[in-house]
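To start, the structure itself, in C-alpha cells.
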Amino acid sequence: MALGAARCRFSAASTASRPASRTRCVVFQASTRSPVRASAAQEPGQAARAALAAGLAALSLATAAPALADFRLPPISNDPDRCERGYTGNTIGQANAVSDKVLDLRKCNFAGKNLSGKTLAGALLSETDLTNSNLQEAVLTKSYAVDSNLAGADLTNAVVDRVDFTNAKLNRVKFVNAVVTGTVFDGADLSESVWEDALIGNEDVKRLCSNPTLTGESRFQVGCRGK
C-alpha cells in the first residue's frame, strides 16, 4: 500500500533560531493525489512546530490504529514536588517521549494554570485536572490522559500525538491548528470542542467522527461526512 506524504513549504531561514516565517503544509495521499487536510498559515515562531506537524501527519496516514500498547501504571510517585514538574515538563526526547524520569502528574490540579509551550511527552495525566488551562503549543506526545479533565482547555498549536484520552472530558477544548495523530478518544466528551484548522490524521478523523458527542460545527471542522 502506498503511503501518504506531507509536502511543506518553508522559509529559507533556519528554524533553530525561530525566525518569523509562514508555513503551509498539505498532506497528500499517494493513491489519490488529493489533499487530506491543510493547516493554516503559521504565526511567527511556529516553523519548527509546522515541520513536526508534517512528519506526524505523514506517519498517521500509514497507521490504521493508535500506536498505544497496554501497560501497567506504576504507583503514584511520592515525590512531594511531582506536580510542580508540570511547570517545567520534560527537557529531552520530546518526539518519542523519552525522559530520564517519569513525568507523573496524576491527580494534580492545574485548573486555570499556564502550561503553554511545555513538553509533557510521556506524562501520566490520568485523573489530572486541566480545566481551563493554557496548553498552547504544548507537546503531549504519548501522554496517558485517561479519565483526565481538560474541559475548556486551550490546546491551540499543540502536538497531540499518540495520546490516550479514553473517558477524558474534552468538552469546549480548543484544538485550533493542533496536530492530532494516532490518538484515542474512546468514551471522551467532545461536546463543543473546536477543531478549526487542525491537522488531523485520516484514522483520527474516523475515530473522532464515530464519537457521538462530536456534533454540529465540531463535526464540520473535523471533516466528518454526513450529519
Side-chain angles (χ1 to χ4, degrees), residues 52-53 56 59-60 63-111 113 115-155 157-175 178-190 193 198 200-201 203-204 207-208 210-211 213-214:
L52 178 60
L56 293 176
L59 174 64
S60 73
T63 306
L68 295 168
D70 292 334
F71 65 96
R72 181 174 296 178
L73 293 174
I76 293 179
S77 171
N78 58 6
D79 181 355
D81 297 322
R82 68 181 181 86
C83 291
E84 293 300 313
R85 294 185 62 211
Y87 297 104
T88 304
N90 286 326
T91 57
I92 61 174
Q94 69 177 34
N96 294 307
V98 176
S99 179
D100 56 347
K101 186 176 182 180
V102 174
L103 188 58
D104 189 354
L105 304 177
R106 285 173 288 179
K107 298 186 178 183
C108 292
N109 186 350
F110 296 108
K113 302 301 183 181
L115 300 175
S116 60
K118 297 297 183 287
T119 297
L120 304 178
L124 300 180
L125 296 168
S126 51
E127 299 183 58
T128 299
D129 187 353
L130 290 159
T131 55
N132 300 312
S133 60
N134 181 355
L135 288 163
Q136 293 182 12
E137 301 187 14
V139 177
L140 300 174
T141 301
K142 292 185 178 179
S143 292
Y144 184 80
V146 172
D147 294 318
S148 58
N149 188 350
L150 285 84
D154 188 352
L155 274 73
N157 295 323
V159 176
V160 185
D161 171 41
R162 291 164 288 177
V163 180
D164 191 342
F165 279 132
T166 299
N167 297 327
K169 295 180 180 178
L170 302 175
N171 49 306
R172 298 180 289 105
V173 171
K174 295 179 181 178
F175 290 98
V179 177
V180 182
T181 55
T183 293
V184 175
F185 296 98
D186 296 348
D189 181 359
L190 299 170
S193 53
I200 309 173
E203 296 302 319
D204 294 84
R207 285 189 289 272
L208 285 166
S210 67
N211 187 309
T213 66
L214 189 78

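Positions are given from 1, in the same order as the sequence printed here.
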Would a 4.5 Å heavy-atom cut-off, applied to side chains only, mark E137 and V159 as touching? no
Pair F165, V146 - check side chain to side chain contact (heavy atoms under 4.5 Å, CB included), show working. CA-CA 5 Å; F165 279 132; V146 172; over 6 Å; no
Go through it in stages, so that I can follow the logic: the residues are L103 and R85, the test is side chain to side chain contact (heavy atoms under 4.5 Å, CB included), and I'd like the CA-CA distance, side-chain angles, deciding distance and then a yes or no. CA-CA 7 Å; L103 188 58; R85 294 185 62 211; 3.8 Å; yes
Could you check if a side-chain atom of R106 sits within less than 4.5 angstrom of a side-chain atom of E127, using non-hydrogen atoms only? no
Pair S77, D79: side-chain N/O donor-acceptor within cut-off below 3.5 Å: no
N149 side chain to A151 backbone, donor-acceptor under 3.5 Å: yes
May I ask you to decide if A188's main-chain N or O and N211's side chain share a donor-acceptor pair within less than 3.5 Å? yes
Any donor-acceptor pair under 3.5 Å from D81 side chain to C83 backbone: no
Side chains of S126 and D147: donor-acceptor distance under 3.5 Å anywhere? no
Inter-residue atom distance L135.CG - K113.NZ, 0.5 Å rounding: 13.5 Å
Report yes or no: do D154 and Q136 form a side-chain donor-acceptor pair below 3.5 Å? yes
State which residue, out of N132, L130, T128, fulfils the side chain to side chain contact (heavy atoms under 4.5 Å, CB included) condition with L150. L130
About how many Å separate CG of L170 and CG of D189, when rounded to the nearest 0.5 Å? 7.5 Å
Side chain to side chain, C108 and D129, heavy atoms closer than 4.5 Å: no
List the atom of R162, the atom of T141, and the distance in Å for their closest heavy-atom pair. NH2-CG2, 3.7 Å
Value for CZ (F110) from NZ (K118), rounded to nearest 0.5 Å, stands at 11.0 Å
Calculate, to the nearest 0.5 Å, the distance between atoms CG and OG1 belonging to D204 and T183 respectively. 5.5 Å
Report the distance from atom CG of L124 to atom CD1 of I76, rounding to the nearest 0.5 Å. 9.0 Å
Could you list the residues that satisfy salt bridge (Lys or Arg N to Asp or Glu O under 4.0 Å) with D186, not counting sequence neighbours? none
Would you check if L115 and N134 make a side-chain contact, meaning some heavy-atom pair closer than 4.5 Å? no
Tell me whether S143 contacts the main-chain N or O of L120 through its side chain, where contact means a donor paired with an acceptor under 3.5 Å. yes
Between V173 and L155 the two heavy atoms that sit nearest each other are CG1-CD1, 3.8 Å
Mind checking salt bridge (Lys or Arg N to Asp or Glu O under 4.0 Å) for R172 and listing every partner two or more places apart, or none if nothing turns up? none
Could you tell me the separation between the CG atom of D164 and the OH atom of Y144, rounded to the nearest 0.5 Å? 6.0 Å
Chi angles and distances behind the side chain to side chain contact (heavy atoms under 4.5 Å, CB included) call for L140, D161: CA-CA 6 Å; L140 300 174; D161 171 41; over 6 Å; no
